[in-house]
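These values consider heavy atoms only, across backbone and side chains, with no hydrogens, waters or symmetry-generated copies. In listed order, ligands and their atoms are each counted from 1.
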Amino acid sequence: MSDPVSDLAIGLCKVHKSYGRHVAVQGLSLDVPRGQLFAFLGPNGAGKTTTIKMIVGLLRPDSGEVIVCGHHLGSNGLAAKAQLAYVPDQPFLYEKLTGREFLYFVAEMYQLSRVERDRTMSELIRRLDVAEYLDQLTESYSHGMKQKVVLAAALLHRPALLVIDEPMVGLDPRSVREVKDLLKEHTHAGGTVFMSTHTLDIAESLADRIGIINHGQLIAVGTLAELRQKACREH
Ligand code: ATP
């Protein structure tokens, strides 16, 4: 019999977060089943990054509960974090490592075998077209180059949940296409993707389900068809 909690990649229950007196996320509840590509859509300042940081354990909610792959972040944070990979909107790399050294470091942290590391790395390097600069120090990389290497690092260990903040910002059109394919393939292989975006186009073209957030509140959630029906009923 299926277990409703562990069948979820993400469970948010009445999550609330303020910065001082400013309420960034209010009473947000949301379930994302495993194997879905979920797009979190909203304008600047809506609360997307704050929600994402609570999902990946970088921010603690003031109240409410966050469950990742069956583990409560509050009481079992390490187990939850072991299941996920996070690509922030400002990709972080160790500047004095080359891209290849960074990928080796990540592979070692996740205890990938050398064979598995080399196989997965060579596919990601080819598809993301990063070979040309992979042996340069990352301090010389552009935003898009960093973004692609961080994404390769996130996909390297095939996380159960990939959380990715604004994945397409700063990428050229060819890279956007490739990243879209990689994200879709990740869910087809059983993984879950939770991504934020400002852009309806990106959400429409990729997502199994879309959640719309504004002023810290989830105002609609569903498939594209469900959201269209809802919009028609309301107008
Ligand atoms: P964007 O699309 O512009 O990245 P977002 O939807 O990710 O926006 P958040 O970054 O979560 O939105 O911000 C939500 C609200 O919280 C905004 O009003 C923002 O100004 C505020 N905020 C975010 N981080 C902080 C912080 N560290 N201190 C104070 N206020 C913050």
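Ranking the protein heavy atoms by distance from atom 31 (C) of ligand 1 puts Tyr19 CD1, 3.2 Å first. Nearest to atom 12 (O) of ligand 1 among the protein's heavy atoms is Gly47 N, 3.2 Å. Of all protein heavy atoms, the one lying nearest to atom 14 (C) of ligand 1 is Gly45 O, 3.4 Å.
At a threshold of 4.5 Å between non-hydrogen side-chain atoms, the residues Phe194 and Ile10 count as touching. Between Met195 and Pro167 there is a side-chain heavy-atom pair separated by less than 4.5 Å.
Ligand 1 places these atoms under 4.0 Å from at least one heavy atom of Thr49: 4 (O), 5 (P), 7 (O), 10 (O), 11 (O). Near Lys48, meaning under 4.0 Å from one of its heavy atoms, ligand 1 places the atoms 1 (P), 2 (O), 5 (P), 6 (O), 7 (O), 8 (O), 11 (O), 12 (O). Near Asn44, meaning under 4.0 Å from any of its heavy atoms, are these atoms of ligand 1: 1 (P), 2 (O), 3 (O), 8 (O). When each atom of ligand 1 is checked for a heavy atom of Ala46 under 4.0 Å away, the hits are 5 (P), 6 (O), 12 (O).
The line from OG of Ser122 to CZ of Arg127 is 12.0 Å long, rounded to the nearest 0.5 Å. How far CG of Asp181 is from CD of Glu178: 5.5 Å, rounded to the nearest 0.5 Å. In this structure, Leu162 CG and Thr192 OG1 are separated by 9.5 Å, a value rounded to the nearest 0.5 Å.
Within the 3.5 Å criterion, the main-chain N or O of Thr49 finds no donor-acceptor partner in the side chain of Asp165. Side chain of Thr120 to main chain of Arg117: no donor-acceptor pair is present (N/O by atom type, distance under 3.5 Å, no hydrogens or angles).
Within the set Ala24, Ser18, Gly20, Gly42, the minimum heavy-atom distance to atom 16 (O) of ligand 1 is found for Ala24. Of the listed options Asn214, Leu41, Val23, Thr50, Thr50 places a heavy atom closest to atom 11 (O) of ligand 1.
The distance criterion of under 3.5 Å between nitrogen or oxygen atoms is met by His22 with respect to ligand 1. Taking only nitrogen or oxygen atoms, main chain and side chain alike, His198 reaches within less than 3.5 Å of ligand 1.
A salt bridge between Glu204 and Arg228 is present, with a side-chain N of the basic residue lying under 4.0 Å from a carboxylate O of the acidic one.
Protein heavy atoms all stay at least 4.0 Å away from atom 20 (O) of ligand 1.
The aromatic rings of Tyr94 and Phe92 sit perpendicular to each other, their planes meeting at more than 60°, with 30° as the lower class boundary.
Residue contacts with ligand 1, taken as heavy atom pairs separated by less than 4.0 Å, involve Pro43 solely via the backbone atoms N, CA, C and O.
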